[in-house]
Number of protein chains: 2
Amino acid sequence: MIPSISSPKIAFAGADHDHRRCVAAALAAATELCARRGVRLTELRRRVLELVWRSHAPQGAYAILETLRRRGRRAAPPTVYRALEFLLAQGLIHRIESASAFVGCTTPGRPHAGHFLICSDCGATAEVDDSRVGSALRDSAAEVGFRVERQTIELSGYCPDCQDESLDGEPSD
Amino acid sequence: MIPSISSPKIAFAGADHDHRRCVAAALAAATELCARRGVRLTELRRRVLELVWRSHAPQGAYAILETLRRRGRRAAPPTVYRALEFLLAQGLIHRIESASAFVGCTTPGRPHAGHFLICSDCGATAEVDDSRVGSALRDSAAEVGFRVERQTIELSGYCPDCQDESLDGEPSD
DNA sequence: GGCGTTATGTTATACTATAACAGTCTTGAG
DNA sequence: CTCAAGACTGTTATAGTATAACATAACGCC
């Protein structure tokens, strides 16, 4: 059961992908989901979601705030945090604890408890939902009588792209 | 393979345990470890470690600072953060990302990549090192070509003690 | 004892997040 | 249509977490 190097499951978006598609898909999914749930994806919330999706690297609340302002929107920290709170509640984004930042959810709609692979170099973050991890954790917790409510699983390291680059990466000084 | 309820592995300290023993053991282990490594467990660092171990619930940096000051030590935030940084580097404590707080390491000395069970009620935190979890994560990451450097795994929920109490816990309003 | 290194003190400030209250917009009942 | 209730956003202030930068003190080696 050695994972073959030639079977790269979808996870990291790759340096070349058309990111506008990611954003468009995320916004479409969010629109549809909010309509179905009868909650309001307001202009502000939509713009914040769009800014979270600006890249696959987690975005800080104040970076989002900064951009909103530059684009002419009156905004203060609560403006952003409230929108983020809504998006979190709807499962449209996730908070990356180890970075105090937020990243778009790649599979909104269905309940999931996945984990994150975060590249220390380029910041790209992949959301993975591997049942083995979940069940290993559940078993482990059950054995000591712990009832799990919420999980935070964040692995830092290097994505495929940045492992390649690290060959000629840091020049020795 | 259903884990029996009657086989509680050591994990949570239990409401009744003699906590002074925990602290004494942790300080002794730290002293020994630092001596072996030729690094200095100074008075300040020792006191900060002791305060992290004040309870099995993660302690915030500013709570530690507060206590240091009340006990007559001149201290400012960097005082505490530098000590914490040292203790982290030596593997004597861990940072709980989801709480922005620090907890003593129960098995310092050997390299380990465990995970944490954190009670949302009493705050008690157990450090667990389950090879199934580690290997599940490693496999999962390897399949997408990700090289893991550091892992943050924090499960929030209810410890055995607080599950019992929750029967008469929150009164319905 | 002098000297380089490591540790701590001190001041200021950056970054992250929320409380509290005011004003505005939306929506549905009548 | 109008108005009232609730939802959303604006605004100000402040709490909580963390680090930069520089000064001073302690340690350990020669």
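Residue numbers start from 1 in every chain, and the chains themselves are labelled A, B, ... in the order their sequence lines are given, proteins ahead of strands. This is a predicted model, so every value here is computed, not measured. Basis for what follows: all heavy atoms, side chains included, without hydrogens, waters or symmetry-related copies.
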Original post:
Any N or O donor-acceptor pair linking the side chain of B:Y62 to the base of D:dA18 at under 3.5 Å?
Top reply: yes

Subject >> Minimum-distance nucleotide (side-chain atoms of B:P77 versus D:dG10, D:dT19, C:dG9) >> reply: D:dT19

**OP:** Specify the separation, in whole Å, of atom CG of A:L88 and atom P of C:dT16.
**Re:** 16 Å

Original post:
So does B:R82 reach the base of C:dG9 with its side chain, donor to acceptor, closer than 3.5 Å?
Top reply: yes

**OP:** Grab the CD1-P distance between A:I96 and C:dA17 for me, whole Å please.
**Re:** 12 Å

Original post:
Counting only heavy atoms not in A:R20, do more than 12 sit closer than 6.0 Å to its CZ atom?
Top reply: no

**OP:** May I have the distance from B:L68 (atom CG) to C:dT10 (atom P), rounded to whole angstrom?
**Re:** 13 Å

**OP:** Looking only at side-chain atoms of A:R74, point me to the closest of C:dT8, C:dG9, D:dG10.
**Re:** D:dG10

Original post:
D:dT17 P sits how many Å from B:L84 CG, rounded?
Top reply: 12 Å

**OP:** Could you check which of C:dT6, C:dT16, D:dA18 has an atom nearest any side-chain atom of B:R40?
**Re:** C:dT6

Subject >> Selected nucleotide, minimal atom distance to B:S100 side chain, candidates D:dT9, C:dT8, D:dA18 >> reply: D:dA18

**OP:** Please state how far atom CZ in A:F86 lies from atom P in D:dA7, giving the value in whole angstrom units.
**Re:** 13 Å

**OP:** Would you indicate which nucleotide in D:dT19, C:dT10, D:dT11 comes nearest to any side-chain atom of A:P78?
**Re:** D:dT11

Subject >> For atom CZ of A:R69 and atom P of D:dG10, their distance in whole Å >> reply: 11 Å

**OP:** Measure the distance from CZ on A:R73 to C1' on D:dC8 and round it to the nearest whole Å.
**Re:** 10 Å

Original post:
Below 4.0 angstrom from OP1 or OP2 of C:dT8, is there any side-chain N or O of B:T42?
Top reply: yes

**OP:** Return the nearest nucleotide to the side chain of A:A76; candidates are D:dA18, C:dT10, D:dT11.
**Re:** D:dT11

**OP:** Flag the pair B:R36 and B:E32 as a salt bridge only when some basic side-chain nitrogen lies within less than 4.0 angstrom of an acidic carboxylate oxygen.
**Re:** yes

**OP:** Select one nucleotide: of C:dT16, C:dT8, D:dA18, the one nearest the side-chain heavy atoms of A:Y81.
**Re:** C:dT16

Subject >> Cationic N near anionic O, under 4.0 Å, A:E97 to A:R95 >> reply: yes

Subject >> Ion pair check, B:E149 and B:R147, cut-off under 4.0 Å >> reply: yes

Original post:
In whole Å, what is the span from the CD1 atom of B:I64 to the C1' atom of D:dA18?
Top reply: 14 Å

Original post:
Out of D:dT9, C:dG9, D:dA18, which nucleotide sits closest to the side chain of B:F102?
Top reply: D:dA18

Subject >> Plane angle bin for B:W53 and B:H19 - parallel if under 30°, tilted between 30 and 60°, otherwise perpendicular >> reply: tilted

